[in-house]
Number of protein chains: 2
Amino acid sequence: MTIRELAKLTNTSYSTVSRALNDNPKVARETKERIKNVAEQAGYQINASAQSLATGIHRTIGILYPYHSLRAVESIYTVNLMQMLRGELAIQGFDTLIQGYDTIGEDVFHLTRLVRQKKVDALLIIGYEITEEAVIEVAKYTDKFILINPIHDAWVERYDRIMIDHHYGGELAAEVLVAKGRKTLIAIAENSPQFQERIKGFTTIVHIYPGISFSRLVLPSGTFSGAYKFVESHLEELQEADGLFIQSDNSAFGVMNGLLDHGVKIPYDISIVGYDDVDWCDYSRPALSTIHQPKTNVVEAAAQTITSWVLHGKNGSFRGTFKPSFIERKSC
Amino acid sequence: MTIRELAKLTNTSYSTVSRALNDNPKVARETKERIKNVAEQAGYQINASAQSLATGIHRTIGILYPYHSLRAVESIYTVNLMQMLRGELAIQGFDTLIQGYDTIGEDVFHLTRLVRQKKVDALLIIGYEITEEAVIEVAKYTDKFILINPIHDAWVERYDRIMIDHHYGGELAAEVLVAKGRKTLIAIAENSPQFQERIKGFTTIVHIYPGISFSRLVLPSGTFSGAYKFVESHLEELQEADGLFIQSDNSAFGVMNGLLDHGVKIPYDISIVGYDDVDWCDYSRPALSTIHQPKTNVVEAAAQTITSWVLHGKNGSFRGTFKPSFIERKSC
DNA sequence: CTGAAAGCGCTTACAG
DNA sequence: CTGAAAGCGCTTACAG
């Protein structure tokens with residue numbers, strides 16, 4: 001079923017059919033309705049390839065995500081984010097083409113392939129793993145892309161991006177631990193740029209209050225088992241602390257289980273605050289108090305902005321920042 | 001950059017350029033190489049819409065997944081499956097368009113939209129939630145679709161599908177519990193068709209051995225908290241049992257935590273076997289012994305079959321069944 | 001308000 | 001082995 005056949009069925013030209021279907025105001029209302037009815041009856045569906053070729057618009061957004069982040073349970077946050085983005089884009093009438101990218105030895109070609117082959121109109125790039133070189137490459141082919149949750153760095157500010165105020169997240173964690181009367185605090189994270197802002201925020205607050213001792217410990221691996229093993233090699237230091245800020249829930253679960261296995265009582269002996277607010281926070285024992293990263297705001301802003309660029313052209317630039325919040329459970 | 005420009009750069013016609021780029025054997029080797037080099041230099045990328053329109057092939061597969069299964073932590077299995085499918089399809093040179101479908105009040109239009117609009121060549125439909133009516137509707141528009149992990153039911157066998165032998169999975173669980181010397185067994189699951197085969201398999205084995213008492217309990221909700229609450233309302237029955245077969249890991253975590261909170265020792269007092277083998281099985285205390293659902297085989301078979309259908313036409317039908325296996329951890 | 005025509009960027013049967 | 005031409009199914013400037 002094509003518009004030509006539809007034209008025959010309705011005794012019009014296919015130009016008129018095309019206009020009617022696109023709600024062109026120049027078509028007489030009566031003609032338009034007649035055509036639309038017949039199209040509906042006939043079960044007509046537009047051929048997206050032909051429309052794309054003619055208009056240059058594909059009504060499809062590419063989502064690029066870091067492979068790395070989807071290997072295991074770590075994935076939950078990213079996966080939820082992607083599902084929500086897909087849902088929001090669908091509401092705007094767009095389809096979603098998903099593509100992974102690799103951090104190491106990143107083949108830049110693949111980042112831009114969807115745009116260059118005209119399979120998508122624009123790109124949503126997820127994750128702190130994207131590098132400046134990669135973004136520069138993307139920018140050669142399109143200006144319609146948004147970085148979602150990139151690291152906090154100067155170069156990022158030259159591009160459209162939407163991110164979470166991790167400095168504030170760190171501040172929140174410190175405020176909570178101090179409010180609980182904790183005096184010997186340790187911030188624990190992998191040695192990765194994404195955690196620096198959280199630590200900075202945390203430190204800022206800690207320094208305001210007198211009588212608080214504070215140190216940092218670096219996690220060799222942020223996985224559950226990496227964090228678990230970490231406890232065994234740092235047991236003494238950890239046992240002397242009474243407040244822990246562990247910068248991903250996943251690591252927090254590992255540390256928490258490690259401590260529990262060594263007889264440490266949580267939150268009696270030590271308070272723990274995680275980061276992310278994944279679903280499992282409710283299920284761990286004790287349930288994990290954590291810093292919640294807002295997703296709904298991020299998703300809506302990203303989806304609505306990018307689809308508007310596609311449909312109406314990109315007029316200005318876009319910078320969005322959302323604040324995290326503290327979720328109290330049982331671990332502190 | 002189009003093939004016309006490429007034709008000028010190489011002093012040939014654009015027909016020849018097209019043939020060269022498609023490795024048409026009729027083009028002289030020397031000409032072909034020259035054109036390919038120039039194309040490479042110029043950074044030429046084919047316009048996918050134009051190619052699709054001309055050939056009718058889009059090199060894109062639609063993956064339909066049940067929204068429902070991606071709400072929370074339950075998602076892990078499905079999400080991993082989708083990521084793996086995407087990866088395997090990418091290896092075959094196909095892109096992936098992802099679309100959710102809803103179980104309740106399922107709008108069938110959306111299931112077939114991608115095919116009807118010619119955005120994808122074929123469909124991979126994930127999940128036991130797909131209904132016969134929905135599949136009948138899909139079949140009206142294409143014969144190129146594969147059901148992945150549908151429920152075990154007669155109608156399913158009329159379509160191409162790939163699934164896991166859950167009857168065997170249930171048998172495995174029973175064998176394990178019996179081998180541990182457990183005598184009072186309870187199988188626990190939601191009241192949903194997907195679990196019936198597991199129960200059947202379990203029952204088959206239980207009946208072989210003398211002196212085993214066996215009962216079934218229905219879970220009102222398969223979520224962690226649903227399963228947790230379930231323990232409180234069925235504490236007596238559960239305390240009398242010494243072996244539990246809980247038919248999703250997720251529910252198993254809830255039941256396990258509920259029992260632990262009531263002083264039940266696992267696996268000392270009672271053995272627990274879950275189902276799925278999600279990542280969290282390693283992290284729970286005790287780590288959860290479970291039935292592993294194979295994913296690699298499923299993914300490879302599905303992706304390779306569907307892309308072959310698109311590229312070379314669908315010749316026959318496809319039925320694949322893979323066996324699960326038992327993974328021993330600490331809960332039994 | 002409607003139609004005929006050109007064009008989007010490819011592929012491929014037909015001729016040579 | 002290569003080129004000219006028709007066609008895939010739409011949109012839209014141009015005429016009327």
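Proteins get letters first, then strands, A, B, ... in listed order; numbering begins at 1 in each.
- Rounded to whole angstrom, the span from the OH atom of Tyr14(B) across to the C1' atom of dG7(D) amounts to 11 Å.
- Crowding of Glu157(A) atom CD: a count of heavy atoms from other residues, nucleotides or ligands under 6.0 Å exceeding 12.
- In this structure, the NZ atom of Lys32(B) is 11 Å from the C1' atom of dC1(D), given to the nearest Å.
- Between Pro25(B) and Ala54(B), the one whose closest nucleotide on DNA chain D sits nearer the 5' end is Pro25(B).
- Rounding to whole angstrom units, CD1 of residue Ile35(B) and P of dC10(C) are separated by 14 Å.
- Leu53(B) has its CG atom 14 Å from the P atom of dG7(D), to the nearest Å.
- Cation-pi geometry between Lys144(B) and Trp309(B) is not met: the NZ or CZ atom fails to fall both under 6.0 Å from the ring centre and inside 45° of the normal.
- Among the nucleotides dG9(C), dC10(D), dT12(D), the one closest to the side chain of Ala50(B) is dG9(C).
- We find that CZ of Arg19(B) is positioned 10 Å from P of dA13(C), with the value rounded to whole Å.
- Between the CD atom of Gln117(A) and the C1' atom of dC10(C) there is a distance of 13 Å, given to the nearest Å.
- Regarding Tyr44(A), its OH atom lies at a distance of 10 Å from the P atom of dG9(D), rounded to whole Å.
- Spacing of P atoms, dA13(D) relative to dG9(D), comes out at 23 Å, to the nearest Å.
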Derivation of the side-chain contact (heavy atoms from CB on, under 4.5 Å) call for Leu124(B) and Met82(B):
CA-CA 10 Å; Leu124(B) 254 18; Met82(B) 284 169 54; over 6 Å; no
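- No hydrogens or angles considered: nothing links the side chains of Glu132(A) and Tyr159(A) as a donor-acceptor pair under 3.5 Å.
- The NE2-C1' distance, from His58(B) to dG9(D), rounds to 12 Å in whole Å.
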